[in-house]
Amino acid sequence: MTSILQTPVALVSLILASSSPFRKELLTKLGLEFSTHSPDIDESRKVNETPEQLVYRLAQSKAREVAKYHDGLIIASDQVATLQDGLGMNDQVLGKPHSHENAIKQLSQCSGKTVTFVTSLCLLNTNSDNIQTIVETFKVVFRDLSAQQIDNYLKKEQPYNCAGSFKSEGLGISLFSSLEGNDPNTLIGLPLIKLIQLLENEGIDILSTGA
C-alpha cells in the first residue's frame, strides 16, 4: 500500500525506488512518509559511457520503471565509484563487491588513493511527467591499509552490498584520511541536500509539513 505525504499544496505519494536499507534510512531523516519499490533494470555499463552518464541514465531508468506501478513523486538514485580523476569513458568503476574476495581486491586498489564517488539523484513526478536529475561527486582519500587491516574491517562490517566495499556511516570511516564533498549523505547513496531542493521545486517544503 502506498504511503501518503501531506504537503501544503496537495496530497501526493512519495516512493523511494530502492530496496537499499541505507537509502531508506537516509530518507527517513527527513521525516516524510514514503513507500519503497525495488526496480528491476539492467545496470550494465554501455560502451563509451562515462561514470556520470552511467549513473544519470540508471537513476532515470529506475524512476521510469517504478512509475509503471506507482503514481506520485518517485525518488531514484544510482552510484558508482572510480579511481580515476577525469571521469572519462575508460574509467574503471567500482560497484558492489558481493563477496569477501572481491571486496579485498577493491579496498586493496583503493589503499592510499583518492576515490571519486559519482551519485545521481532523480525525482520524477508521474502526474506531470516532470523529471529532475542531478549528479553529485564526493571524493574519499584512503589511508595506506595493510592486508590485515582490510581483512579485519571486512569481517567486522561485511559491506558486500556497498559500492566501494565500505560503509562510511559505520566502521568504514576508519579507512579514510580525508573526505571532500558538499553532502556526506551523498557518499551513502542519497544526496539529501539536493533532494530537498528538488522536492521544493515540486511544491513540497519539508519544514512546512505537519508533525
Side-chain angles (χ1 to χ4, degrees), residues 18 20-23 25-26 29 43-60 62 76-122 133-198:
S18 175
S20 166
F22 312 113
R23 289 190 175 102
E25 184 176 355
L26 283 177
K29 287 183 179 181
E43 299 188 23
S44 302
R45 186 180 186 181
K46 294 184 177 180
V47 177
N48 296 331
E49 193 170 39
T50 68
E52 288 184 335
Q53 291 169 337
L54 171 64
V55 297
Y56 189 97
R57 175 176 61 83
L58 291 182
Q60 289 198 345
K62 290 177 180 179
S77 65
D78 193 76
Q79 182 184 73
V80 297
T82 176
L83 288 164
Q84 284 76 19
D85 289 329
L87 296 180
M89 63 182 67
N90 296 317
D91 286 3
Q92 176 190 1
V93 296
L94 305 175
K96 300 173 183 177
H98 298 299
S99 73
H100 186 79
E101 293 72 20
N102 288 337
I104 287 177
K105 291 178 183 178
Q106 282 195 355
L107 290 184
S108 296
Q109 286 179 297
C110 295
S111 177
K113 297 179 181 177
T114 298
V115 177
T116 301
F117 283 80
V118 187
T119 306
S120 182
L121 172 67
C122 175
T133 312
I134 60 95
V135 176
E136 286 259 296
T137 59
F138 200 101
K139 292 187 177 182
V140 174
V141 180
F142 278 77
R143 298 167 51 202
D144 289 315
L145 302 167
S146 69
Q148 188 63 59
Q149 286 176 317
I150 291 173
D151 188 61
N152 286 344
Y153 166 70
L154 292 174
K155 287 179 178 177
K156 288 180 179 180
E157 196 145 65
Q158 300 183 13
Y160 306 130
N161 199 36
C162 302
S165 302
F166 67 83
K167 297 179 183 178
S168 61
E169 70 277 23
L171 185 60
I173 197 70
S174 65
L175 305 175
F176 314 141
S177 61
S178 65
L179 304 173
E180 179 185 338
N182 296 323
D183 184 349
N185 298 295
T186 301
L187 189 56
I188 308 174
L190 195 65
L192 292 184
I193 292 176
K194 287 294 185 181
L195 176 57
I196 291 168
Q197 295 172 2
L198 299 188

For Asp151, what residues pass the salt bridge (charged side-chain N to carboxylate O under 4.0 Å, His left out) criterion, not counting sequence neighbours?
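Once residues adjacent in sequence are excluded, the partners of Asp151 under the salt bridge (charged side-chain N to carboxylate O under 4.0 Å, His left out) criterion are Lys155.
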- Task: List for me each residue that meets salt bridge (charged side-chain N to carboxylate O under 4.0 Å, His left out) alongside Arg57, sequence neighbours excluded, and say none if there are none.
- Result: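 Result, salt bridge (charged side-chain N to carboxylate O under 4.0 Å, His left out) vs Arg57: Glu49.
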Determine whether [X] and [Y] make a side-chain contact, defined as any pair of heavy atoms from C-beta on separated by less than 4.5 Å.
{"X": "Val80", "Y": "Thr82", "value": "no"}
{"X": "Asp78", "Y": "Glu43", "value": "yes"}
{"X": "Asn185", "Y": "Ile193", "value": "no"}
{"X": "His98", "Y": "Asn161", "value": "yes"}
{"X": "Tyr160", "Y": "Lys96", "value": "no"}

Sort out for me which residue in Leu187, Ile188, Thr186 forms a side-chain contact (heavy atoms from CB on, under 4.5 Å) with Thr119.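 Single side-chain contact (heavy atoms from CB on, under 4.5 Å) partner of Thr119 among Leu187, Ile188, Thr186: Thr186.
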With no hydrogens and no angle check, just 3.5 Å: does a side-chain donor-acceptor pair link Tyr153 and Glu157?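 Glu157 and Tyr153 do have a side-chain donor-acceptor pair below 3.5 Å.
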Check: Can we say Asp183 and Lys194 salt-bridge, meaning some charged N sits less than 4.0 Å from an Asp/Glu carboxylate O?
Finding: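 No salt bridge links Asp183 with Lys194.
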Q) Has Asn152 got more than 12 heavy atoms of other residues, nucleotides or ligands less than 6.0 Å from its CG? A)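 Check passes, neighbour count above 12.
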Margin query: Is it true that, when you exclude Gln197 itself, more than 12 heavy atoms of the residues, nucleotides or ligands shown sit nearer than 6.0 Å to its CD?
Written below: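 Enclosed.
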Would a distance-only check, ignoring hydrogens and angles, find a side-chain to backbone donor-acceptor pair under 3.5 Å from Ser77 to Leu190?
->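 Absent.
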Does Ser120 use its side chain to pair, donor to acceptor, with the backbone of Ile134 at less than 3.5 Å?
->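 Side chain of Ser120 to backbone of Ile134, a donor-acceptor pair under 3.5 Å: yes, one is there.
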Going from [atom1] on [X] to [atom2] on [Y], what distance comes out if it is rounded to the nearest 0.5 angstrom?
{"X": "Ser20", "Y": "Leu26", "atom1": "OG", "atom2": "CG", "answer": "8.0 Å"}
{"X": "Leu58", "Y": "Gln53", "atom1": "CG", "atom2": "CD", "answer": "11.5 Å"}
{"X": "Glu136", "Y": "Leu195", "atom1": "CD", "atom2": "CG", "answer": "11.5 Å"}
{"X": "Gln79", "Y": "Leu121", "atom1": "CD", "atom2": "CG", "answer": "12.0 Å"}

Ala76 and Lys62: which non-hydrogen atoms are nearest, and at how many Å?
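Result for this residue pair: CB-CB, 3.9 Å.
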Could you go through residues 162-181 and list every donor-acceptor pair under 3.5 Å that involves a side-chain atom there, pairing it with any protein atom two or more places apart or in another chain?
residue	atom	partner	partner atom	Å
Ser165	OG	Gln106	OE1	2.6
Ser174	OG	Leu171	O	2.7
Ser177	OG	Val141	O	3.3

